[in-house]
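Step one of this worksheet: look at the structure below.
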There are 2 protein chains.
Amino acid sequence: MAVTIRDVAKRAGVSLGTVSRYLNGYRLREENRLKVEKAIQELGFKQNIIAKGLKSNRSMTIGVVIDDFTNIFCTSIVTAIERTVEKENYSIILCDYEGDTEKLEQKLNFLRDRFVDGLILFSNNVRLSIMDEYIRDGIPIVIVNEDIPGFNTDKVLVDNAGASFRAVERFIHSNHTKIAIINGPPNSWVSQQRFEGYKQALEAYNLPVESRWIKYGNFTTVGGYLAAKEFFEGADIPTALYVTNYYMTLGAVMAIHELNIKVPQELSIIGFDYFELSDVIKPSLTVIEQPTSKMGEIAGNLILKRIKGDYTGYPEVHTLHTRMIVRDSVRAIS
Amino acid sequence: MAVTIRDVAKRAGVSLGTVSRYLNGYRLREENRLKVEKAIQELGFKQNIIAKGLKSNRSMTIGVVIDDFTNIFCTSIVTAIERTVEKENYSIILCDYEGDTEKLEQKLNFLRDRFVDGLILFSNNVRLSIMDEYIRDGIPIVIVNEDIPGFNTDKVLVDNAGASFRAVERFIHSNHTKIAIINGPPNSWVSQQRFEGYKQALEAYNLPVESRWIKYGNFTTVGGYLAAKEFFEGADIPTALYVTNYYMTLGAVMAIHELNIKVPQELSIIGFDYFELSDVIKPSLTVIEQPTSKMGEIAGNLILKRIKGDYTGYPEVHTLHTRMIVRDSVRAIS
DNA sequence: TTGTATGCGTTATCAC
DNA sequence: GTGATAACGCATACAA
């Protein structure tokens with residue numbers, strides 16, 4: 001039914017092997033090259049990537065596992081990964097595990113059954129034994145965003161602690177002392193690092209780290225909303241608020257609007273990754289921007305490099321820097 | 001390297017064919033079945049899905065093309081699709097085309113080169129000639145959400161006009177006459193249908209359809225924000241606002257909060273798909289909820305059915321109903 | 001029921 | 001350089 005390399009050979013009057021060699025970039029006698037090209041044109045031949053995979057043990061697919069399809073931070077990176085790997089004709093099989101460790105491991109097995117040539121993993125919440133099976137089969141792994149500290153492989157991370165430090169420092173330079181943080185879940189490496197930066201900044205300026213200024217929003221919009229509400233319901237109110245991811249920032253802003261708190265007059269705020277509304281809402285928020293495109297590009301190129309068998313510099317750990325986009329939500333107090 | 005069916009056969013002391021048949025659910029003599037199962041266990045054998053695909057002409061993958069990885073409405077459906085098809089051991093290759101028709105067609109070709117067994121398409125913006133190639137190759141197509149009216153295939157749609165009608169009717173029953181709509185791009189079938197319902201409702205109650213109450217937000221948060229701003233900047237202000245998707249609703253709410261407009265005292269509002277904040281923001285919004293899980297499930301089962309060669313009822317067009325979740329954002333005026 | 005042999009579309013290893 | 005041929009891992013028609 002589909003036209004094969006054999007059909008092309010017949011049409012071109014050469015052998016099957018010659019066509020195969022042509023397709024794989026070997027040199028042919030000029031005359032044959034033209035005949036083969038002509039035949040391919042006329043027959044509309046396309047290589048069968050599956051058959052190719054059978055021989056070469058390559059599926060030309062890369063498994064990408066993220067927490068949740070609906071997480072815009074992850075999917076932004078995935079967009080860049082896809083753009084990068086498709087250039088070399090790889091496609092990605094994207095899976096989410098909805099925060100369920102059980103499901104995550106099931107997906108990792110699933111991907112292995114499909115002979116993915118590489119794995120890009122957004123998670124720190126996985127048993128190393130499964131990863132070892134990948135290693136054993138020689139399938140390269142790149143970890144993105146969330147680190148698994150004990151696990152030795154290529155990683156594309158963000159300088160979370162540094163980002164937090166600079167955010168909090170900015171508040172301190174503006175004379176704030178009641179600096180609250182809405183952080184992600186404590187078992188997340190990212191959360192831990194972001195908290196670490198918060199703590200280090202306070203300590204660097206001899207300010208106390210007080211539990212009343214620390215709340216957890218589970219990296220969700222609802223969580224951020226509720227945490228912000230709690231902060232402003234009591235008598236003891238922070239003057240500065242640092243929110244450590246996009247969804248919680250969204251939720252916190254909703255809460256603040258609803259409570260009719262003036263930003264930055266009554267509250268200074270620094271958020272994270274304010275994708276869609278960046279330049280639109282008033283007052284425009286000062287946010288920490290993560291280089292999602294770059295992360296995806298690096299992760300994509302890294303996995304391609306390893307798939308090709310190039311293990312120079314292994315393990316590469318890229319720690320990318322964030323950028324603070326200064327807008328109008330931070331005010332100096334007296 | 002990997003353990004093959006041949007290894008299993010040798011270990012079990014049966015022929016390769018016997019093992020193959022076992023794997024494909026044929027009956028074996030009890031004694032042989034046990035031997036084969038034992039061998040599979042001991043060797044940790046796993047079928048090579050790629051080799052299998054070469055024979056059966058099945059890739060066990062389904063191509064899913066959405067507009068944008070970061071669109072939560074689409075990804076919610078995709079989550080359900082994936083959950084459905086993975087039960088039958090299919091995986092999905094998810095592509096986005098970022099609103100670029102050129103890129104969309106490129107992706108469709110890409111997926112065809114990978115021998116996807118089926119295609120699930122979220123778009124109305126594609127040349128039929130490409131689809132015809134799928135048809136010709138016998139690859140089933142299911143269209144989700146956006147309809148391509150001239151194109152005859154299985155579809156999973158939403159009763160957009162009906163949803164709009166009931167939303168606007170609700171406003172009318174509450175004595176509103178200045179009913180504004182923030183709609184998506186006019187070239188989208190979904191937009192057209194949602195506008196149609198808006199129009200029909202007004203006409204049904206002998207109210208005029210006025211262009212001053214119609215704005216376009218391009219289905220984006222920023223678009224919704226800007227459109228809402230425009231509505232409330234002039235002297236001529238609507239008393240009711242209907243926003244036709246999630247992102248625009250988010251943006252509109254931001255604008256409304258920022259302008260300090262009281263809901264529902266000064267403005268009644270009905271939005272769409274208020275995923276994350278549904279029960280959280282105050283006043284809680286009355287929204288139209290689309291059955292994303294169900295859409296994904298139906299689309300997944302439909303494509304599986306067609307892949308199996310079951311073309312009963314073709315073409316099936318499922319038009320699902322939305323649900324209005326009534327909360328506190330609509331108020332009757334005198 | 002089972003074993004044998006052939007083929008799926010491609011790559012790779014031979015001689016030539 | 002090129003052509004013939006044997007794999008890759010599996011499914012299946014056929015004979016037994």
Side-chain angles (χ1 to χ4, degrees), chain A residues 1-37 39-40 43-61 89 112-117 137-138 307-309, chain B residues 1-37 39-40 43-61 89 112-117 137-138 307-309:
Chain A
M1 53 193 266
V3 25
T4 77
I5 203 175
R6 192 169 267 109
D7 302 321
V8 174
K10 193 171 295 174
R11 177 87 166 219
V14 298
S15 85
L16 170 167
T18 303
V19 177
S20 174
R21 280 187 289 270
Y22 167 77
L23 292 170
N24 290 286
Y26 293 85
R27 290 191 60 84
L28 261 55
R29 198 185 310 147
E30 187 64 7
E31 169 196 350
N32 279 340
R33 186 177 64 78
L34 291 172
K35 283 195 289 188
V36 169
E37 283 174 349
I40 287 176
L43 270 50
F45 166 79
K46 294 191 167 194
Q47 275 196 74
N48 183 326
I49 202 172
I50 300 194
K52 200 165 170 156
L54 183 59
K55 273 307 276 188
S56 62
N57 243 328
R58 284 274 155 88
S59 66
M60 300 303 286
T61 61
N89 211 27
R112 218 157 55 82
D113 290 349
R114 312 210 61 112
F115 294 86
V116 291
D117 297 332
D137 289 358
I307 288 173
K308 284 178 197 148
Chain B
M1 52 193 266
V3 25
T4 77
I5 199 178
R6 192 169 267 108
D7 302 321
V8 175
K10 193 171 295 173
R11 177 88 166 217
V14 298
S15 84
L16 173 164
T18 303
V19 177
S20 174
R21 280 186 288 269
Y22 168 78
L23 292 170
N24 290 286
Y26 293 86
R27 290 190 61 83
L28 262 54
R29 198 186 312 148
E30 187 63 7
E31 169 196 349
N32 279 339
R33 185 177 63 79
L34 291 172
K35 283 197 287 188
V36 169
E37 284 175 350
I40 287 177
L43 271 50
F45 166 79
K46 295 191 164 192
Q47 277 194 74
N48 183 326
I49 201 171
I50 299 192
K52 199 165 170 158
L54 185 58
K55 268 310 272 188
S56 62
N57 243 328
R58 283 276 154 89
S59 64
M60 300 304 285
T61 61
N89 211 26
R112 219 159 54 82
D113 290 350
R114 316 214 51 120
F115 295 86
V116 291
D117 297 331
D137 288 359
I307 288 174
K308 284 178 198 150

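Every chain is numbered from 1 and lettered A, B, ... according to where its sequence line falls, protein lines coming before strand lines.
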From CD1 of B:Ile5 across to P of D:dT12 the rounded distance in Å is 11 Å
Checking D:dG9, D:dT2, D:dA11 against the side chain of A:Leu28 (C-beta onward), the nearest is D:dT2
The nucleotide from C:dT2, C:dG9, D:dT2 with an atom nearest the side chain of A:Arg21 is D:dT2
>> Under 4.0 Å, counting only non-hydrogen atoms across every strand here, what does B:Arg27 touch: a base, just sugar-phosphate, or nothing?
In response: sugar-phosphate
Heavy-atom nearest nucleotide on DNA chain C taken for B:Leu16 and for B:Ala51; more 5' hit belongs to B:Leu16
For A:Ile49 and B:Phe115, the nearest pair of non-hydrogen atoms, with its separation, is N-CE1, 4.1 Å
Just to be sure I understand the rule, does A:Thr4 reach a base, reach only the sugar-phosphate, or reach nothing, if contact means heavy atoms closer than 4.0 Å? sugar-phosphate
Ranking D:dG3, C:dT10, D:dA11 by distance to the side chain of A:Ser15, first place goes to D:dG3
Check your understanding: Does A:Lys55 get its side chain close enough to the base of C:dG9, under 3.5 Å, for a donor-acceptor pair?
Key -> no
Side-chain atoms of B:Asn48 come closest, of D:dA11, C:dG9, D:dG9, to D:dG9
Which of D:dA13, D:dT2, C:dC8 is nearest the side chain of A:Thr18? It is D:dT2
In whole angstroms, the gap separating P of D:dG3 from CZ of A:Arg6 amounts to 14 Å
Under 3.5 Å, side chain of A:Asp117 to main-chain N/O of A:Met60, donor-acceptor pair present? yes
In whole angstroms, the gap separating C1' of D:dA11 from CZ of B:Arg58 amounts to 13 Å
**Asked** When all nucleic acid strands are considered with a 4.0 Å heavy-atom cut-off, which category describes B:Tyr22: base, sugar-phosphate, or nothing?
**Response** nothing
